[in-house]
Amino acid sequence: MTIAIILGTRPEIIKMAPVIRECQRRGLDYSIIHTGQHYSYQMDRIFFEQLELPQPDHNLDVGSGNHGEQTGRILADLEAVLMAERPDVVLVQGDTNTVMAGALAASKLQIKVGHVEAGLRSYDRSMPEEINRVVADHVSDYCFAPTEISKANLLKEGIAEEKIHVTGNTIVDSVYQNLEIAMRKVNILADLGLEPKGYFLVTSHRQENVDNKERLGEIIRGLGMVKSEFGLPMVFPVHPRTRKMVESFGFELDGIRAIEPLGFLEFLQLEAGARLALTDSGGVQEETCILGVPCVTLRDNTERPETLDVGANVLAGADALRMVDRAKRIMLQGNEWENPFGDGKAGKCIIEHLTAGWR
Ligand code: UD1
Ligand code: UDP
C-alpha cells in the first residue's frame, strides 16, 4: 500500500507529524506532497526542522492568492503529481484550501481519500474553512473523526458509519511528543522576560476577523482593555496575514508584545506557561484545552464544542467588552477539566485503520 500525505500550512505540518512518524515506524511506503500554501520560514520550514520530519518529496510552491486561484492551482498541480505517483491512498488533514483541493484531486482520480480531523462543524458557511471541511468529508473514503461529536456530525449528513473512525485528534500526540522536548530545548519565557502564569497569550489570523476593519479594530481595543484590567503582559506572535492587515488598516498594537510567529517548541512552551489565551485559532483552542490553560475564543462560534463543554473555553466574538467579561469569568473557574481529544495515540490509530482496511 502506498500513501501520499498532502500538507500545506503550519497546522497541517504539526498535526500530520504523528501520522508521518507512524508511517516511518512501520516502514510503510509513503510520500509527502507539500502544496506550498505556507512558505515563509517561520510558517513552514521551521516545523520540519523542529519536528525532525523528512523533506517533502514534492513541493508545488503554489504560494498565496485568492481562494479560487490558490485552490485551482493546487488542484491542477496536485493532479499531475498524483497521476504520476498513483498512490493507493491520499491523506489530508484539517480544513484549509490545501485540504479541499487535495481531497478533490484524489477523489476525481479514483484514489482513496482519508480525511484526518473529519466531522468538525461550525455551521457557519461564511468561513472558508467550513466549506473546505464539508467538501473534504463528503469525498472521503475514510473519515478520521477526532471525537464522538464529530462522528455524530458526519452521520447527520448521511455519511456511512463504516467510513467513520473515531481516533482522537493528532494534536494530542503532537503536544505529548513535543512538550517535554520543548522544556529541554527552549526557554522562551526567560528569553521574553516572562514569569510562569504571569502573562496572556494572543493569536488571531481568521479571515473573518483580521480582514474586517471593524472586527480587527474591536479585537485590538479588547486586548488593550483586558491588559489594563489585569495588568499582565500580553504576548502576540503575529500571523503574516494579520501583520499585513494591521498595517493596511493603519492600526497600532500599543502595549502588546507583538512578535514574529514562533516555532512549535517555543509556542507550546509559551502556551503551557500562559495564565490565559485569547485566540481565534482552531489548534490553539485544542492545545490550551489539553494543557489546562483557560481560553477565550475571539469568534462567534466554534467547531470545537468539546472545549466549551468541558469548561476550558468561552466564546467572546470580536467584542471588546465581552472579551473582558469572558476573561474574568473563565479565570475564576478551575482548570481541572478532562482533555476530550483522546489519549495521544491518534496517529497510530489512523494508520492502523488504514492498513487494516487494506488487507
Ligand atoms: C490558512 C487557512 C486557515 C488556517 C491558516 C493556518 C485557508 C482558506 N486558510 O490561512 O484555515 O487556519 O492557514 O495558519 O486555507 N503569508 C505569508 N507567508 C506564508 C503564508 C502566508 O506571508 O508562509 C501571508 C500572505 O500575505 C497571504 C496571507 O498570509 O496572502 C494569507 O495566507 P493564506 O494561506 O491564504 O491563508 P491563512 O490566513 O494563512
Ligand atoms: N503555532 C506555532 N507558532 C505560532 C502560533 C501557532 O507553532 O506562533 C502553532 C500552534 O501550536 C498550533 C498551530 O500553530 O499547533 C495552529 O495554527 P494556526 O493558528 O495558524 O491555524 P489553525 O489551527 O487555526 O488552523
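Side chains are part of it too, since the values below use all heavy atoms of this structure and drop only hydrogens, waters and symmetry mates. Each ligand, and each atom within it, is numbered from 1 in the order the structure gives. We count residues from 1, following the sequence as given.
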A.B. asks: Under 4.0 Å, heavy-atom basis, I'd like to know which part of Phe264 is in contact with ligand 2: side chain, backbone, both or neither.
C.D. replies: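 Both parts.
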A.B. asks: Is the closest side-chain heavy-atom distance between Lys112 and Tyr142 below 4.5 Å?
C.D. replies: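 Answer yes - side chains close enough.
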A.B. asks: Heavy-atom contacts with Phe47 under 4.0 Å: which atoms of ligand 2 show up? List them by number with element.
C.D. replies: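 Answer for ligand 2: 7 (O).
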A.B. asks: Do Leu265 and Val175 land in one hydrophobic cluster if side-chain heavy atoms of ILVMFWY residues count as linked below 4.5 Å?
C.D. replies: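 No: no chain of side-chain contacts under 4.5 Å links Leu265 to Val175.
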A.B. asks: Any side-chain heavy-atom pair from Ile159 and His138 closer than 4.5 angstrom?
C.D. replies: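 The answer is yes, as the side chains (C-beta and beyond) meet within the 4.5 Å cut-off.
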A.B. asks: Determine, step by step, whether Asp57 and Tyr30 satisfy the side chain to side chain donor-acceptor pair (under 3.5 Å) criterion, reporting the C-alpha distance in whole Å, the side-chain angles of both residues, the deciding distance to 0.1 Å, and the verdict.
C.D. replies: CA-CA 10 Å; Asp57 299 272; Tyr30 76 97; over 6 Å; no
A.B. asks: Closer than 4.0 Å to some heavy atom of Pro240 - which atoms of ligand 1 meet that?
C.D. replies: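 The list of qualifying atoms is 16 (N), 17 (C), 18 (N), 22 (O), 24 (C).
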A.B. asks: Regarding atom 29 (O) of ligand 1: of the candidates Met127, Arg243, Arg241, which has the closest heavy atom?
C.D. replies: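 The nearest heavy atom belongs to Arg241.
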A.B. asks: Test salt bridge (charged side-chain N to carboxylate O under 4.0 Å, His left out) on Lys213 and Glu218 and set out the steps.
C.D. replies: CA-CA 8 Å; Lys213 188 171 185 184; Glu218 188 66 7; over 6 Å; no
A.B. asks: I'd like the name of whichever of His38, Gln42, Met245 reaches closest to atom 20 (C) of ligand 1 through any heavy atom.
C.D. replies: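 The residue whose heavy atom sits nearest atom 20 (C) of ligand 1 is His38.
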A.B. asks: What is the nearest protein non-hydrogen atom to atom 16 (N) of ligand 1, stated with its residue, atom name and distance?
C.D. replies: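 Checking every protein heavy atom, the shortest distance to atom 16 (N) of ligand 1 gives Tyr39 OH, 3.5 Å.
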A.B. asks: Determine whether more than 12 heavy atoms belonging to other residues, nucleotides or ligands lie under 6.0 Å from atom CE of Met83.
C.D. replies: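 No, because the 6.0 Å sphere around CE of Met83 holds 12 heavy atoms or fewer from other groups.
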A.B. asks: Nearest protein heavy-atom contact for atom 20 (O) of ligand 2: which residue, which atom, what distance?
C.D. replies: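 It is Arg10 NH2, 2.8 Å.
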A.B. asks: Working to the nearest 0.5 angstrom, can you tell me the gap between Glu287 CD and Phe341 CZ?
C.D. replies: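 Going from the CD atom of Glu287 to the CZ atom of Phe341 covers 10.5 Å.
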A.B. asks: Nearest to atom 23 (O) of ligand 2, what protein heavy atom do you find, and at what distance?
C.D. replies: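 Of every protein heavy atom, Gly283 N, 2.8 Å lies nearest to atom 23 (O) of ligand 2.
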A.B. asks: Is it true that Arg121 and Asp137 have a side-chain N and a carboxylate O under 4.0 angstrom from each other?
C.D. replies: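 Salt bridge between Arg121 and Asp137, a charged N being under 4.0 Å from a carboxylate O: yes.
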A.B. asks: Are the charged groups of Glu117 and Arg304 less than 4.0 angstrom apart, N to O?
C.D. replies: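 Salt bridge flag = yes for Arg304 with Glu117.
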A.B. asks: Ion pair present between Glu129 and Arg125, side-chain N to carboxylate O less than 4.0 angstrom?
C.D. replies: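 No, Glu129 and Arg125 are not salt-bridged.
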A.B. asks: For ligand 1, find out whether one of its N or O atoms is nearer than 3.5 Å to an N or O atom of His239.
C.D. replies: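 Such a contact does occur with ligand 1.
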A.B. asks: Can you confirm whether more than 12 heavy atoms, excluding those of Glu69, are under 6.0 Å from its CD atom?
C.D. replies: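 Yes.
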A.B. asks: Under a 4.0 angstrom heavy-atom cut-off, which atoms of ligand 2 come close to Leu262?
C.D. replies: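 Near Leu262, the atoms of ligand 2 are 2 (C), 3 (N), 4 (C), 7 (O), 8 (O).
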A.B. asks: Nearest to atom 12 (C) of ligand 2, what protein heavy atom do you find, and at what distance?
C.D. replies: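 Protein heavy atom at minimum distance: Glu287 OE2, 3.2 Å.
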A.B. asks: With a 4.0 Å cut-off on heavy atoms, is Ile14 touching ligand 2?
C.D. replies: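 Heavy atoms of Ile14 do come under 4.0 Å of ligand 2.
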A.B. asks: State plainly whether the residues Asp173 and Arg21 are in salt-bridge range, i.e. N to O under 4.0 Å.
C.D. replies: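 Answer for the salt bridge query: no.
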A.B. asks: Strictly by modelled atom types, are His58 and Glu85 linked by a side-chain donor-acceptor pair under 3.5 Å?
C.D. replies: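 Checked: His58/Glu85 side chains pair up, N/O donor to acceptor below 3.5 Å.
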A.B. asks: Regarding Asp95 and Asn132, do their side chains bring together a donor and an acceptor under 3.5 Å, going by distance alone?
C.D. replies: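 No, because no side-chain N or O of Asp95 sits under 3.5 Å from a partner of the opposite role on Asn132.
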A.B. asks: Students should be able to answer this: which protein heavy-atom is nearest to atom 6 (C) of ligand 1, and at what distance?
C.D. replies: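 Residue, atom and distance for the closest contact: Pro11 CD, 3.5 Å.
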A.B. asks: For Glu129, which part has a heavy atom under 4.0 Å from ligand 2: side chain, backbone, both, or neither?
C.D. replies: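 Under 4.0 Å from ligand 2, Glu129 contributes no heavy atoms.
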A.B. asks: Less than 3.5 Å apart, any donor N or O on the side chain of Thr98 or Thr35 sitting next to an acceptor on the other?
C.D. replies: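 Their side chains do contain a donor-acceptor pair, which is all the 3.5 Å distance test asks for.
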A.B. asks: Consider every N or O of Asp280 and every N or O of ligand 2, then say whether any pair is closer than 3.5 Å.
C.D. replies: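 No, there is no polar N/O contact under 3.5 Å.
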A.B. asks: Check each atom of ligand 2 against the heavy atoms of Pro237 and keep those under 4.0 Å away; list them by number with element.
C.D. replies: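 What qualifies from ligand 2 is 8 (O).
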A.B. asks: Which residue owns the protein heavy atom closest to atom 4 (C) of ligand 1, what's the atom, and how far is it?
C.D. replies: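 In this structure, atom 4 (C) of ligand 1 has His205 NE2, 3.8 Å as its nearest protein heavy atom.
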A.B. asks: Number the atoms of ligand 2 from 1 as they appear, then name those within less than 4.0 Å of a heavy atom of Arg206, with their elements.
C.D. replies: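 It comes down to these atoms of ligand 2: 22 (P), 24 (O), 25 (O).
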A.B. asks: May I ask you to check if ligand 1 and Asn132 share an N or O to N or O distance below 3.5 Å?
C.D. replies: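 Between Asn132 and ligand 1 (N or O atoms, distance only) the closest approach is not under 3.5 Å.
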A.B. asks: Give the residue and atom name of whichever protein heavy atom lies nearest to atom 26 (O) of ligand 1, and the separation in Å to one decimal.
C.D. replies: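 Ranked first by proximity to atom 26 (O) of ligand 1 is Lys244 NZ, 3.0 Å.
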A.B. asks: Note the single closest protein heavy atom to atom 27 (C) of ligand 1, along with its residue, its atom name and the distance in Å.
C.D. replies: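 The closest heavy atom on the protein side is Ser64 OG, 3.2 Å.
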A.B. asks: Tell me which one of His34, His38, Gln93 satisfies side-chain contact (heavy atoms from CB on, under 4.5 Å) with Glu12.
C.D. replies: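 Result: among His34, His38, Gln93, Gln93 is the only option passing the side-chain contact (heavy atoms from CB on, under 4.5 Å) with Glu12.
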A.B. asks: Give me the residue, atom name and distance of the protein heavy atom closest to atom 19 (C) of ligand 1.
C.D. replies: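 I find the closest protein heavy atom is Ser40 OG, 3.4 Å.
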A.B. asks: My understanding is that we take every heavy atom of each candidate and find the minimum distance to atom 7 (C) of ligand 1. Doing that for Gln37, Gln207, Arg45, Arg10, which one comes out nearest?
C.D. replies: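 That would be Gln37.
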A.B. asks: With heavy atoms of His67 as the reference, note each atom of ligand 1 found under 4.0 Å away.
C.D. replies: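 So the answer, numbered in order with elements, is 8 (C).
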A.B. asks: Of the backbone atoms (N, CA, C, O) and the side-chain heavy atoms from C-beta on, which set of Ser281 has a member under 4.0 Å from an atom of ligand 1: side chain, backbone, both, or neither?
C.D. replies: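 No part of Ser281 comes within reach of ligand 1.
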A.B. asks: Should one rank Glu129, Met43, Glu130 by closest heavy-atom distance to atom 9 (N) of ligand 1, which comes out on top?
C.D. replies: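 Result: the heavy atom closest to atom 9 (N) of ligand 1 is in Glu129.
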A.B. asks: What atoms of ligand 2 come within less than 4.0 Å of a heavy atom belonging to Gly263?
C.D. replies: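 Listed by number with element: 7 (O).
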A.B. asks: Distance check, rounded to the nearest 0.5 Å: Phe236 atom CZ versus Leu223 atom CG?
C.D. replies: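 Phe236 atom CZ to Leu223 atom CG measures 7.0 Å (nearest 0.5 Å).
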A.B. asks: Any side-chain donor paired with an acceptor under 3.5 Å for His239 and Gln42?
C.D. replies: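 Checked: His239/Gln42 side chains show no N/O donor-acceptor pair below 3.5 Å.
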A.B. asks: For atom 25 (O) of ligand 2, what is the closest protein heavy atom, and at what distance to 0.1 Å?
C.D. replies: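 Here the closest protein heavy atom is Pro11 CG, 3.6 Å.
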A.B. asks: For Asp95 and ligand 2, does the shortest N/O to N/O distance drop below 3.5 Å?
C.D. replies: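 No, there is no polar N/O contact under 3.5 Å.
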A.B. asks: For atom 2 (C) of ligand 1, what's the nearest protein heavy-atom neighbour? Residue, atom name and distance, please.
C.D. replies: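 Among all protein heavy atoms, the one nearest atom 2 (C) of ligand 1 is Thr96 CG2, 3.9 Å.
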A.B. asks: Distance under 4.0 Å to a non-hydrogen atom of Ser281: what atoms of ligand 2 satisfy this?
C.D. replies: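 Ligand 2 atoms under the 4.0 Å threshold to Ser281: 16 (C), 18 (P), 19 (O), 22 (P), 23 (O), 24 (O).
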A.B. asks: Under 4.0 Å from a heavy atom of Gly282: which atoms of ligand 2 are those, numbered in the order shown and with their elements?
C.D. replies: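 Heavy-atom distances to Gly282 below 4.0 Å select 22 (P), 23 (O), 24 (O).
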